[in-house]
Visitor: 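One structure, pasted below without further comment.
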Number of protein chains: 2
Amino acid sequence: MTTQISIGEVARDRMPKFGRGVPCQRDQHMLFGRVELNGAAMPFGRNTEVYGEDEPADYVYKVLSGAVRTYKVLSDGRRQILGFYLPGDVFGSDPGDEHACSAETIVDSQILLVRRATVLKAAERDGEVARHLWGLTATELRRSHRHALLLIKSAQERLAAFLLDMAERLSVKTAIELPMSRQDIADHLGLTIETVSRTLTQLSSSSVIQLLASRRIMLRNRSILSEMNS
Amino acid sequence: MTTQISIGEVARDRMPKFGRGVPCQRDQHMLFGRVELNGAAMPFGRNTEVYGEDEPADYVYKVLSGAVRTYKVLSDGRRQILGFYLPGDVFGSDPGDEHACSAETIVDSQILLVRRATVLKAAERDGEVARHLWGLTATELRRSHRHALLLIKSAQERLAAFLLDMAERLSVKTAIELPMSRQDIADHLGLTIETVSRTLTQLSSSSVIQLLASRRIMLRNRSILSEMNS
DNA sequence: CGTCTTCTTGAGCCACTTCAAGGTAAGTGG
DNA sequence: CCACTTACCTTGAAGTGGCTCAAGAAGACG
């Protein structure tokens, strides 16, 4: 069963934000698995909000290209980046009528939007969809647990874990091409931008990594990195 | 629809661990909601493993009385307590054939065990059960996100958040009766036992709390605690 | 070429850790 | 009931890893 959906008003409202004249196009991309839940692909400029915390959750999102960060901010401005989402990753899929955190693009991105109501209705009919949704949340939970473990480690260990994770998820051939800034990394790892920079320099000095450019990093000794990662 | 289940061999194996001669009894407690998924109540002694990381996940658990901690340990022994579970809380409910973390009782506890296969079968038939299971994982995820936010705060802020959370969950009348040790609190908040102790002493000195006994704490000024909690 | 953003590096500081000692409470055996 | 043990908690003193503040370097872009 194929469900054709329109992206609706809320999504259309975002269009001006990144000044593209191109209308949103229906797309053959599927949300997940073998179940056909088509959505609309939308271009988002860099550093553009996809949704805010406590906003009504009308869509489920999938990164087609680019990168997204989800985060929460404390009253005094400290920010915790809960996760990074790369091409293929689904985000904003939790049940609940409101989003539990905010989401922004990091770089220019293509995001697939699928109406939540459509997804939920499909889950109602099809147990496999329901299980898949549950699985998505469970994957998020396991990631969040690993993240909590990370936050009790030293700066070096945090960076090691981060780099290995990114290398794996970007299925890197030669060097990692990080989409995010040092500030993003810092806010994800619970460090300051200075400590991130210094630690990368240290890892570079000890030839564990090589800094080709500030955001292009080559892992030269993964076993040492893995060792650091507990 | 009521599903009567037996607790099976794996559960029975645990009996000797806490040396009770009483056989496990079928119980009228329900796992959750209006759906009747009965299980077997089992007594566990304090500091007893309920399940270990990577063990096959055969059951879903609910705390009837007592308290449980879930945790992960790093190779060097550092431990991160991911969550505390109090009476009424369900744990070990994630999909996946293996548990993502370990679980132990903190004090003598009554735990309700429900066969996972039974729960999953019920979810297959009944969309509401499926949604409820998804909801449980989602609640865990939101809690984990809050926990990550907590781990970037100062020691005072972490303790404030912890105390408020406990007070709320224990639906406290006068003073909190903490089931867990300072070490448990430290491992949950990403601090050392000494820092936890010192910080509580500080909060006590400034009359924000009152230490009636080491594990009996009265919150004297919740608004200040809330302020600390961002 | 200048401007803006992002990243790096240095120096000093501070919150939390580490190491060490002592105190308190509960249980156990005499 | 008391001496002894054990587990748990508190407190002190010194050390340190990461933070803060500050300045400069390296890119990106018009």
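By convention in this document, chain letters (A, B, ...) are assigned in the order of the sequence lines, proteins followed by strands, and residues within each chain are numbered from 1.
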Visitor: Would one find a side-chain N or O of B/Thr201 under 4.0 angstrom from OP1 or OP2 of D/dT11?
Guide: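 Yes, such a contact exists.
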Visitor: Where do A/Leu219 and A/Leu225 land on the side-chain contact (heavy atoms from CB on, under 4.5 Å) test, with the steps shown first?
Guide: CA-CA 9 Å; A/Leu219 309 190; A/Leu225 283 175; 4.0 Å; yes
Visitor: Decide if the gap between the ring center of A/Tyr61 and the ring center of A/Tyr51 is smaller than 6.0 angstrom.
Guide: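 For A/Tyr61 and A/Tyr51, the ring centres are under 6.0 Å apart.
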Visitor: Using whole Å, report how far CG of A/Leu203 lies from P of C/dC7.
Guide: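 Rounded to whole Å, this separation is 17 Å.
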Visitor: Quick one: B/Ile193 CD1 to C/dT24 C1', roughly how many Å, whole number?
Guide: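 Spelled out: CD1 on B/Ile193 to C1' on C/dT24 is 14 Å.
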Visitor: From the set C/dT8, C/dC7, D/dT10, return the single nucleotide nearest to any side-chain atom of B/Ser197.
Guide: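 Shortest atom-to-atom distance from the side chain points to D/dT10.
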Visitor: Please give, in whole Å, the distance from C/dA26 C1' to B/Arg215 CZ?
Guide: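 The answer, rounded to whole Å, is 12 Å.
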Visitor: Send over the distance from B/Arg182 CZ to C/dT24 P, rounded to a whole Å.
Guide: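 Result: 15 Å.
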Visitor: Strictly by modelled atom types, are B/Ser223 and B/Ser226 linked by a side-chain donor-acceptor pair under 3.5 Å?
Guide: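 There is no such pair between these side chains.
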Visitor: Could you tell me the separation between the CD1 atom of A/Ile185 and the P atom of C/dC7, rounded to a whole number of Å?
Guide: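 Nearest whole value for this atom pair: 8 Å.
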Visitor: Going by atom types alone, do B/Ser205 and B/Gln202 pair a side-chain donor with an acceptor below 3.5 Å?
Guide: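 There is no such pair between these side chains.
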Visitor: Each nucleotide in nucleotides 12-30 of chain D should get exactly one letter: B, S or -. Can you fill that in based on protein heavy atoms under 4.0 Å?
Guide: BB----SSBB---------
Visitor: How long is the line joining CG of B/Asp187 and C1' of C/dT17, in whole Å?
Guide: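 Nearest whole value for this atom pair: 14 Å.
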Visitor: Using every non-hydrogen atom in the two residues, find where A/Arg142 and B/Ala100 come nearest and quote the distance to one decimal.
Guide: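 Heavy atoms of A/Arg142 and B/Ala100 come nearest at CG-CB, 4.0 Å.
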Visitor: Students often get this wrong, so: under 4.0 angstrom with heavy atoms, is A/Ser181 touching a base, only sugar-phosphate, or nothing?
Guide: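 The answer is sugar-phosphate, as A/Ser181 gets under 4.0 Å only of primed atoms, P, OP1 or OP2.
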Visitor: For B/Arg78 and C/dT17, give me the distance from atom CZ to atom P, rounded to whole Å.
Guide: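 Computing the B/Arg78:CZ to C/dT17:P distance gives 12 Å.
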Visitor: Salt-bridged, B/Asp89 to B/Lys62, with N to O below 4.0 Å?
Guide: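 Here B/Asp89 does not pair with B/Lys62 in a salt bridge, since their nearest N and O are not under 4.0 Å apart.
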Visitor: Can you tell me if A/Arg216 uses its side chain to pair, donor with acceptor, with the backbone of A/Glu177 under 3.5 Å?
Guide: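 No, A/Arg216 side chain to A/Glu177 backbone: no donor-acceptor pair under 3.5 Å.
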Visitor: Grab the CD1-C1' distance between B/Ile106 and D/dA7 for me, whole Å please.
Guide: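 Rounding to the nearest Å, CD1 of B/Ile106 and C1' of D/dA7 are 16 Å apart.
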